[in-house]
Every structure is written in C-alpha cells, then in structure tokens.
Participant: 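First the structure, then my questions, so here it is.
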Amino acid sequence: MRRAIVRGTGHYLPERIVENSWFEDKLETSDDWIRSRTGIERRHFAAEGQTTSDLGIRAARAALERAGMEIGQIDGIILATSTPDFTFPATATIVQAGLGMSRGFAFDVQAVCAGFVFALANADAMIRAGQADRILVIGAETFSRIMDWTDRSTCVLFGDGAGAVILEAQESEGTSEDRGLLASDLNSDGKYRELLYVDGGVSATGTVGKLRMQGNLVFRHAVEKLASTAQTALGRAGLTAADVDWLVPHQANLRIITATAQKMGLPLDKVVLTVADHGNTSAASIPLALSVADGEGRFAPGDVLLTEAIGGGLSWGAVVLRW
Ligand code: UT7
C-alpha cells in the first residue's frame, strides 16, 4: 500500500522575542504566574506587516532545504491556519506563489489549534488515494493579531510562528512496522463553541474579532480528550502507548502536556517540549516542535511519533507516524 512518509521538516520564528516580564507593566500579571500556570517563558511576535504567509513561506523553504528538494517536486500545499492573511484567497495560495509554484493545488484547513493534525490527516489520505505524491503541509499563525491586549487570561498565552513538513508517497508492506503515517483520529463537537472562539468574522460581524477563551474549561476537556484521541489513533495503528518513542503534543500548556503524558504512562523525557520558548502558536505548534526536535537530531529512523492537539470548535485529534 501507499504510505505518506516524512521527507523533511522546517520552521520559522519571527525575530522579535517577548519575555513574560514584558507583560508585567501592562497587565496585572507576573512572570511567575505565567511560568507556573503554563510553562511559557517567552514567545515570538511577528513584525508589523509580517503576515502568516511570510512565516509559512520561510518554514516551507527550510523544509525543502532539509529534504534536499525543489519546489517543482511538490504536488500540493495544505496550510493550517486560523489567522489567514486575507478572508480569501487561501493563505496556502499566497505561500504557493511566494515559493514560485504554479501547478498543483493549495488550500487552507481551519481547525484552530488542531489544524495541523487535521491537515496532516488530509494530506495522508490524499497521498494514499493517489491524488498527489508529495504534499507540503504547513501550520502558520499570527495569533498576536487576534489578541485582546487587555485580557490577561489570554494575551500572555499565544505566539506567532510557522512549521512545515513534506510528505512523500512510498510503497509499503501495510503493517505497523512501515515508515510514515500509520493512523489518525479526528473529532469535533461544535456545541463547545463558547469555550474558545473569536468574537468577529466575515459573515457574522464583518470584523476580525478577538480571541475569547474559558481557559479552565478548555483545560479539563483537553486532558480527557487528548489522551482518548491518542489511544484511538494508536489502536488504529496496531500500537500501544508502550510503543511510542516520542510524544509531540500541541504546545498550549505544560500542565496539559504533563497530565496527558501521565495519563498515557509516558515519561516526560519522551515528550518534545517547546512551549517555554514558543508559547501557544496554535496550528503552528506541532510542526514547530517537530522541526526543532528533528533539527536537534532527536528522532531516529523507525521511531514511533505521536502528535495530538485540541482547539477551538472544539476540534481535536491525533496522528501516529513512524519516522
Ligand atoms: O490551544 C488551544 C487550547 N487552549 C488551551 O489548551 C488552554 C487551556 N487552558 C489553560 O491553559 C489554563 O486554563 C490557563 C493557563 C488559561 C489558565 O490557568 P488556570 O490554572 O486554569 O487558571 P484560571 O483560569 O482558573 O484562573 C485562576 C486565577 C484567576 O483569578 P481568581 O479568579 O482565582 O482570582 C484568574 O483571574 O488566575 C487569574 N489569572 C491570572 N493571574 C495573573 C488569569 N490569567 C492571569 C494572568 N496573570 N495572566
């Protein structure tokens, strides 16, 4: 059978780094509160005029370089974002043009913080169906643009950035020993919209809006739903948590990551952690973490990687792959 294997990863973080202390004279908050409640120490913010597609293009170029590939070899781009450059066209098409690619397809996926997991699962399905041989899957966000800077319960949490992964078709045995994406699990439940949403949009208000979140309620859903979707995906792959070499979770909150890992019986030294330096970059967080860890040479061929994420919708899911 055809499998989608990872050929390369890359990422880009905007130059401007903002430490927790930056918020202290603007809001009633502290470095200590942010660190102890979230694990976040700093985040990157895009420069004025620097857009989601700018970050995505740089991450994509880095992934192409690491894979030793040319843009002409790519058949399609799937970009996960909730902070597109424009209402339309899809940010993926702006990235496509920026990369000098004028064939194939390019479209966006909108599943907020779970966006990259949804994009990866879609790219995998398209590759297995023979729709494309090589897909560039990108998560790119400029969440700093939808922050309410007077709301201390949200604006200290998020950051900007982009990560990219190149998937390539490969003939495989069709067993859990294969390299590449082995299984995924995707879920949404729209009745939880009020827990995490943006209070503006094209059709509803004609404005962009700001992010609103009932953090402690999202937190409770996160721990329960992430462990459950991860187990489902592992089961579909014919694997168990004991087979996992690396958990590469959505980087929203160190306490959520730790609780989920604990629930699955995974020690923290098997978990890729970037939340301290990146904050929550929504759909960009998993490809950023993958690229950072890959760049450090932490994944060995044959390693089983488990990614999981939850975000607005609520939408949540997991992907299991063999490196
Ligand atoms: O990526 C998408 C998914 N999103 C998430 O996964 C986020 C999930 N939620 C969380 O990570 C956590 O719920 C937060 C980090 C957002 C908040 O942590 P918490 O432990 O759940 O705190 P809380 O919301 O229950 O608030 C505790 C207290 C409150 O004060 P009172 O009511 O106890 O007096 C807040 O007003 O902390 C206060 N607080 C702050 N204090 C200082 C909230 N934000 C801040 C702040 N600085 N920045």
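Just so it is clear, the values below take in all heavy atoms, side chains as well, and ignore hydrogens, waters and symmetry mates. As the structure lists them, so they are numbered: ligands from 1, and atoms in each ligand from 1.
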Participant: Is it true that Asp245 and Lys270 make a salt bridge, defined as a side-chain N closer than 4.0 Å to a carboxylate O?
Facilitator: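 Result for this pair is no, no salt bridge flagged.
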Participant: Do NZ/NE/NH1/NH2 and the carboxylate oxygens of Arg322 and Asp243 come within less than 4.0 Å?
Facilitator: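 Looking at Asp243 together with Arg322, the answer is no, because their closest N to O distance does not fall below 4.0 Å.
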Participant: Can you give me the closest heavy-atom contact between Arg145 and Lys210, atom names plus distance?
Facilitator: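 What the structure gives for the nearest pair is O-NZ, 3.7 Å.
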Participant: List, ordered by chain and residue number, the protein residues whose closest non-hydrogen atom lies under 4.0 Å from any atom of ligand 1.
Facilitator: Glu28, Thr29, Trp33, Arg37, Thr38, Cys113, Arg152, Ser153, Val156, Leu157, Leu196, Met213, Gly215, Asn216, Val218, Phe219, His250, Ala252, Asn253, Arg255, Ile256, Asn280, Ile310
Participant: Report yes or no: does Glu65 contribute a side-chain atom to a donor-acceptor pair with the main-chain N or O of Ala62 at less than 3.5 Å?
Facilitator: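 Flag not set: sc Glu65 to bb Ala62 has no pair under 3.5 Å.
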Participant: Check Arg66 with Asp294, please: is the shortest side-chain N to carboxylate O separation under 4.0 Å?
Facilitator: yes
Participant: Should Glu171 and Arg2 count as an ion pair when the cut-off is N to O under 4.0 Å?
Facilitator: no
